[in-house]
Amino acid sequence: MTSGRQVGSRDPGHMEEFVMAATFDPELYKRTTMEQWQGAAASWYAWGPVLEVWLGESTDRMLDCAHLRPGDDVLDVAAGAGGQSIAAALRVGPKGRVLATDIAPRILEFAEAAARANGLTNVTTRVADGEDLAAEPGRFDAAISRLGLIYFPNRAGSLAGIRQALRPGGRIAVITYSTPERNAFFSTPVNLVRDRAQLPPPAAGQPGPFSLGDDGMLEAELVSAGFTEVTVDAIDAPLRMASAAEYTRFAKDSFGALHQMLSGLEDAARDQAWTDIEAAMSAYDGPDGFVGPCELLVGAGTRP
């Protein structure tokens, strides 16, 4: 269910941001991001059932906001292993189409496998940089992006490309994280690792999980890109697992940037950092298992 707060309504897991600091090279950043997802693809796919439960409500809200109908042509930007691509394909039906794009070829292989496993023939994949989609102008009825936009160094350029790919009246809908304070499942281990590895804080304006989390930021990006009828809603989306120990296994498998942040430490120090993460996250263990605080934002708008 929603958190009960609407953020900026009007009528109109990687964490690379924590690695870079004083200087920022967007091309290096994108290469590193691609390499991380190439390495984490199999694990991300293996954790798919947990991810879809965690992100299920926000994904449904995103697809609702995209106004998907049978026969629609949908662009999925930064599709990853394709959980939301599958959900979109089921909504648009056999006469509709979903194009799933991602910068990492390996993770798209899992998206293809997921589509086949679900008996879907209306999902295709394309390796594409989210900032340079090279999509046919005016082709798509809707564009979606689940936890992708936050990691683009040039969000304005990406949104301009998505807008161009939409037909007039087409809809964009995206999911992002809100603030670090409302996402302790993510920010707590990152802060701990940053402290252990003695890394500086991220520079202002860098891409990363919380880069669109402050009130009004996501709305402002969509409005600035020329979208109208923009809304942004917050959804309480706790990450539920059996225990903090299981969460730590998930983080080790799936959060490639944590490994990168720890790469400068000796083996013993890295092992201790993971032990400390599990201990810190045990604060969220309870009678119902591990419940990690998470708040997601669903933003949407229309191409005039």
Side-chain angles (χ1 to χ4, degrees), residues 1-9 13-15 44-45 47-68 72 74-92 98 100 102 107 111 114 130 142-152 155 158-159 162 171-187 208-219 221-222 227 229-241 247 250 254-255 284 290-301:
M1 63 190 303
T2 62
S3 67
R5 63 188 193 92
Q6 187 177 57
V7 184
S9 174
H14 77 97
M15 294 175 288
W44 195 253
Y45 179 74
W47 285 97
V50 172
L51 294 170
E52 295 311 316
V53 170
W54 167 39
L55 299 172
E57 181 183 353
S58 60
T59 299
D60 287 342
R61 180 68 63 82
M62 176 178 68
L63 300 182
D64 289 344
C65 289
H67 297 176
L68 295 192
D72 276 352
V74 182
L75 173 64
D76 188 356
V77 182
Q84 70 290 333
S85 306
I86 301 301
L90 291 170
R91 289 210 186 190
V92 301
V98 176
D102 201 277
I107 206 162
I144 59 174
S145 185
R146 187 171 80 174
L147 300 178
L149 185 63
I150 46 181
Y151 295 116
F152 296 160
R155 287 192 297 266
S158 175
L159 288 171
I162 293 171
R171 294 280 290 174
I172 183 174
V174 303
I175 299 173
T176 71
Y177 296 109
S178 66
T179 62
E181 295 75 20
R182 297 188 178 108
N183 286 277
F185 90 97
F186 209 168
S187 58
F210 311 117
S211 58
L212 288 171
D214 288 344
D215 284 355
M217 288 191 67
L218 178 54
E219 179 192 17
E221 290 272 1
L222 293 172
F227 292 101
E229 300 176 313
V230 171
T231 60
V232 179
D233 291 302
I235 295 179
D236 186 30
L239 175 59
R240 299 180 184 276
M241 293 187 162
Y247 165 83
F250 169 65
S254 305
F255 296 163
Y284 303 108
F290 174 85
V291 183
C294 172
E295 184 180 78
L296 300 172
L297 304 178
V298 179

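Count residues from 1 along the sequence. Hydrogens, waters and symmetry mates are skipped; everything else that's a heavy atom, side chains included, is used.
A 4.5 Å side-chain heavy-atom check between F210 and M217 finds every atom pair outside the cut-off. Residues D64 and R91 meet the side-chain proximity criterion, which asks for heavy atoms closer than 4.5 Å. Between L63 and V74, every side-chain heavy-atom pair lies at or beyond the 4.5 Å cut-off. Taking 4.5 Å as the limit, every side-chain heavy atom of L297 sits out of range of all side-chain heavy atoms of Y177. With contacts defined as side-chain heavy-atom distances shorter than 4.5 Å, the pair I235/I175 does not qualify. Taking the side chain as every heavy atom from C-beta outward, W54 and F185 approach each other to under 4.5 Å.
With sequence neighbours excluded, the residues forming a salt bridge (Lys or Arg N to Asp or Glu O under 4.0 Å) with E52 are R146, listed by chain and number. Legend: residues meeting side chain to side chain donor-acceptor pair (under 3.5 Å) with R240, ordered by chain and number and at least two apart, are absent. Shown here are the side chain to side chain donor-acceptor pair (under 3.5 Å) partners of T176, two or more places apart in sequence or in another chain: there are none. Annotation: side chain to side chain donor-acceptor pair (under 3.5 Å) contacts of D72 (sequence neighbours excluded): none. By the ring-ring contact (aromatic ring centres under 6.0 Å, His included) test, Y45 pairs with F110, sequence neighbours left out. Scanning for side chain to side chain donor-acceptor pair (under 3.5 Å) contacts around D60 gives an empty result, with sequence neighbours left out. Partners of Y247 according to the ring-ring contact (aromatic ring centres under 6.0 Å, His included) rule, which considers only residues two or more places apart in sequence or in another chain, are F290.
Looking at R171, its side chain does come within 3.5 Å of a backbone N or O of C65 through a donor-acceptor pair. With S145 contributing its side chain and V174 its backbone, the two residues share no donor-acceptor pair below 3.5 Å.
Residues L222 and G299 come closest through the heavy atom pair CD1-C, 4.0 Å. Closest heavy-atom contact between F186 and P209: CE1-CB, 3.7 Å. Between D236 and C294, the shortest heavy-atom distance links the atoms OD1-O, 3.4 Å. Contact between L296 and A237 at its shortest, heavy atoms only, is CD1-CB, 3.7 Å. Contact record, T179 with G213: CG2-O, 3.6 Å, taken as the closest heavy-atom pair.
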request  = Check the pair W44, I107 against side-chain contact (heavy atoms from CB on, under 4.5 Å), reporting the backbone distance first and the verdict last.
outcome  = CA-CA 8 Å; W44 195 253; I107 206 162; 4.1 Å; yes

request  = Give the intermediate values and the outcome of side-chain contact (heavy atoms from CB on, under 4.5 Å) for residues R155 and L212.
outcome  = CA-CA 10 Å; R155 287 192 297 266; L212 288 171; 3.5 Å; yes

request  = Apply side-chain contact (heavy atoms from CB on, under 4.5 Å) to M241 and Y284, showing your working.
outcome  = CA-CA 10 Å; M241 293 187 162; Y284 303 108; over 6 Å; no

Using a 3.5 Å cut-off and no angle test, enumerate the donor-acceptor pairs between side-chain atoms of residues 75-83 and protein atoms at least two apart in sequence or in another chain.
residue : atom : partner : partner atom : Å
D76     : OD2  : Q84     : NE2          : 2.7
D76     : OD2  : S85     : OG           : 2.5

